[in-house]
Enquirer: 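Pasting in a structure now, in structure tokens, and then I'll have a few things to ask.
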There are 2 protein chains.
Amino acid sequence: MATLMDVAKRANVSKMTVSRVINHPDMVTNELKQLVYQAMQELDYHPNLIAKALVNNSTRIVKLCILEDIDTTEPYYMNLMVGIAKTLDLHQYSLQLVTRRNFDIGNCDGYIITGMRKGDLDWIKKLDKPVIMFGENRYGLDYVDTNNKAGTYRMAKLVLERGYKHLVYIGIDSKESFEYSREAGFIQQVQENQMIPELYRFENHSHLGEEFITKHWDEIEPNTAFICASDRLAMGIERGIARCGGSIPNDYGVTGFDGVFLSQVASPKITTVKQSIIEMGSACGENLLDKINSKSAQGNLIFEPKISMGGTLRK
Amino acid sequence: MATLMDVAKRANVSKMTVSRVINHPDMVTNELKQLVYQAMQELDYHPNLIAKALVNNSTRIVKLCILEDIDTTEPYYMNLMVGIAKTLDLHQYSLQLVTRRNFDIGNCDGYIITGMRKGDLDWIKKLDKPVIMFGENRYGLDYVDTNNKAGTYRMAKLVLERGYKHLVYIGIDSKESFEYSREAGFIQQVQENQMIPELYRFENHSHLGEEFITKHWDEIEPNTAFICASDRLAMGIERGIARCGGSIPNDYGVTGFDGVFLSQVASPKITTVKQSIIEMGSACGENLLDKINSKSAQGNLIFEPKISMGGTLRK
DNA sequence: AATAAAACTGTTATCGGTAACATTTATGTA
DNA sequence: TACATAAATGTTACCGATAACAGTTTTATT
């Protein structure tokens, strides 16, 4: 690999001039700049980022902290990582995946944190490197997320347009911000239509949705649609209805939230609020790098979700 | 952060002695070693890996190249990454996730490659850094994988023990090595029982399994078990049977392969050949690091799969 | 006790860059 | 023309570690 020195020699200038051409090009005459550019090209010069990191006292590492239990986690984290990695690679940063346990091993230049709980607020606020959260929070930490409220709000609207007369919300039984937002979107849409909201909450497991349906099947009238807070729950609801002999989408509608993987393998495919996780991951990375290089960059980035059409709502 | 120099001063020795205590402790007297250890502890010294990397001309980065299209990929890659990251973190290496496109951006010390196709052999052989493949191959590249053949062999055996009289193998329609191995395991078990193997192959999508069942339902006798090459296909088969009114596990058995995510969300849960991907990922990382530090380490690492009991086989 | 060999510790140069200061060259003004 | 000032380039020291060599102390041998 060619070094600064090699380029300098070939261009007949000092190392410093080459360094300047790269970092402060306006301080070098065009004449020399040309020489240097040419030498760089001829030698296929690429700066050594390790050396750079040493002088800057940086690591070029960004840690992605997944605070939830990864074993049981939704596959969408994969997409998140791909999105983040894409951006970081572009800027020659690398991504280190850490969990609660190995969180503080090794240094880094910044953090992306997801799956935070209330108790984590303390140590997160104490971090002395830039941080961005993935997933909305109400503690004032900058975050990237889908517009959760708009997602359920619009989905509920669509469901009504398709003629379903009863709407039931199946939520996730957790106190996280995103869940409140999704509920709020549903409630607002329902109330705007002079209906009374009906909500249930379960842990995020498909079989709980399935059980709910089979247990209460005789109380569930046809023409009901279930707006679920996750594809997992939607999948369970769908299966429950199928098992009880209900007809989807004619008599019953089901919608999910996520659109990463499960909605695709269900049958029929689930109509869902699709988050573009890869894109959000990229934005997350971009935002963090801006912070690291102290280009302002603060506040939240909120992505508008799209509705992905499956076969669980009638035309 | 304390540096070598700080430690040296406090211990009243030279930088070099401190460095030796860390890297060649047998060249230093116990007396000095004690002093240095104490100083290191008092100052909470951690070596600066960037500086180390600079002298060693290394990057402390390992690239994970996922050559398949990640968007549509199985969630088990997530587990793979977690496993790899776990090991790498322990050794203070970091993982860079790359795809076909951004493959050669930036330097690294070694590669873990998965999802390789035949056409990739050329450039992979040309890489000048240690490489380990995830997933078996027959080109002589070192790999880590599950014992695919043993997986289906043992699963077929179990199915026979449970009294199913007809075995049907549902494979993945691809020319990859792992698929051949899984087929071979099935065929061997069946032949050992003087039965004639029956195989079908589809692309790895659940709905194709479902279609197959619904189309051929009247030809399928009760007491048949389907040994599938993936949980995805198994899920489709299961759904097809349910839709046609067949009873699982009493009249029909279904088994999968993977055991990472889908087998859990299916209903009933799929009895499947479970690969411990996290563990395999760790081994993959360990192996690569050994290669990087040229501690021999060659050959393949083959993990024995376990059968994970779900509800798709009768007792 | 004198001297060679072995064991230990310190000094210097280096990895590939960059900041701060020093020097040279160009430009403007009286 | 002389001198102050600005602009362009070069020198040196440093980031935090390590290898290679130099110097010192200890131990062994005669």
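The sequence lines fix the lettering, A, B, ..., with proteins before strands; numbering per chain opens at 1. Not measured: the values here are computed from a predicted model.
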Enquirer: Quick one: is dG16(D) close enough that its OP1 or OP2 comes under 4.0 Å of any side-chain N or O from Thr3(B)?
Expert: no
Enquirer: Mind calculating the distance between CE (Met27(A)) and C1' (dG10(D)) to the nearest angstrom?
Expert: 12 Å
Enquirer: Please work out if Asn57(B) contacts a base, only the sugar-phosphate, or nothing of the nucleic acid, heavy-atom cut-off 4.0 Å.
Expert: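 Answer is nothing: Asn57(B) stays at 4.0 Å or more from every strand.
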Enquirer: Between dG16(D) atom C1' and Lys9(B) atom NZ, what is the distance in whole Å?
Expert: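 Going from Lys9(B) (NZ) to dG16(D) (C1'), I get 13 Å.
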Enquirer: At less than 4.0 Å, is any side-chain N or O atom of Thr17(B) found next to OP1 or OP2 of dG10(C)? Yes or no.
Expert: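 Looking at the OP1 and OP2 atoms of dG10(C), one of them is under 4.0 Å from a side-chain N or O of Thr17(B).
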Enquirer: Measure distances between side-chain N and O atoms of Lys15(A) and base N and O atoms of dG17(C), and say whether any donor-acceptor pair falls under 3.5 Å.
Expert: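 Answer yes: a donor N or O sits under 3.5 Å from an acceptor.
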Enquirer: Is the backbone N or O of Val144(B) less than 3.5 Å from a side-chain atom of Asn300(B), with the two atoms forming a donor-acceptor pair by type?
Expert: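 Judged by distance alone, no pair lies under 3.5 Å.
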Enquirer: Starting from P on dT18(C), measure out to CD1 on Ile22(A) and report it in whole angstrom.
Expert: 6 Å
Enquirer: Quick check for you: among dT18(D), dG16(D), dT11(C), whose closest atom lies nearest to any side-chain atom of Ala51(B)?
Expert: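 Given the options dT18(D), dG16(D), dT11(C), the side chain of Ala51(B) is closest to dG16(D).
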Enquirer: Heavy atoms under 4.0 Å, any strand shown: does Thr29(B) hit a base, just sugar-phosphate, or nothing?
Expert: sugar-phosphate
Enquirer: As a test of reading the structure: which of dG10(D), dG17(C), dA20(D) is closest to the side chain of Met16(A), going by heavy atoms?
Expert: dG10(D)
Enquirer: Under 6.0 Å from the NZ atom of Lys306(B), do we count more than 12 heavy atoms belonging to anything else shown?
Expert: no
Enquirer: Looking at the side chain of Val55(B), which of dG10(D), dA17(D), dT9(C) is the nearest nucleotide?
Expert: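 Among the listed nucleotides, the one closest to the side chain of Val55(B) is dA17(D).
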Enquirer: Rounded to the nearest angstrom, tell me the gap between atom CG in Asn48(A) and atom P in dC15(C).
Expert: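 So the CG-P distance, Asn48(A) to dC15(C), works out to 12 Å.
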Enquirer: Quick one about Ser181(A) and Arg138(A) (side-chain donor to acceptor, distance below 3.5 Å, no hydrogens or angles considered), yes or no?
Expert: yes
Enquirer: Could you measure the distance from the OG1 atom of Thr3(B) to the CG atom of Asn48(B)? Nearest 0.5 Å is fine.
Expert: 9.0 Å
Enquirer: Under 4.0 Å, heavy atoms only, any strand: does Leu32(B) hit a base, just the sugar-phosphate, or nothing?
Expert: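 If one applies the 4.0 Å heavy-atom cut-off, Leu32(B) turns out to touch the sugar-phosphate alone, with no base involved.
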Enquirer: Round to a whole Å and report the spacing from CD of Glu31(A) to C1' of dA26(C).
Expert: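 After rounding, the gap between these two atoms is 13 Å.
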Enquirer: Please report the distance, rounded to the nearest Å, between CZ in Arg20(B) and P in dC8(C).
Expert: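 So the two atoms are 11 Å apart, to the nearest Å.
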Enquirer: Describe the nucleic acid contact of Asn23(B) in one word from base, sugar-phosphate, nothing, applying a heavy-atom distance below 4.0 Å.
Expert: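 Sugar-phosphate contact only.
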Enquirer: Mind checking the CZ-CG spacing from Phe303(B) to Asn148(B)? Nearest 0.5 Å is all I need.
Expert: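 So the gap between those two atoms works out to 13.0 Å.
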Enquirer: With a 4.0 Å limit, can you tell me whether His24(B) has a side-chain N or O closer than that to the phosphate oxygens OP1/OP2 of dC8(C)?
Expert: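 The answer is no; no side-chain N or O of His24(B) sits under 4.0 Å from OP1 or OP2.
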Enquirer: In whole angstroms, how far is the C1' atom of dG17(C) from the CE atom of Met40(A)?
Expert: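 Value for this atom pair: 14 Å.
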Enquirer: From NZ of Lys52(A) over to C1' of dA19(C), roughly how many Å is that when rounded to an integer?
Expert: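 For the pair Lys52(A) NZ and dA19(C) C1', the rounded distance is 14 Å.
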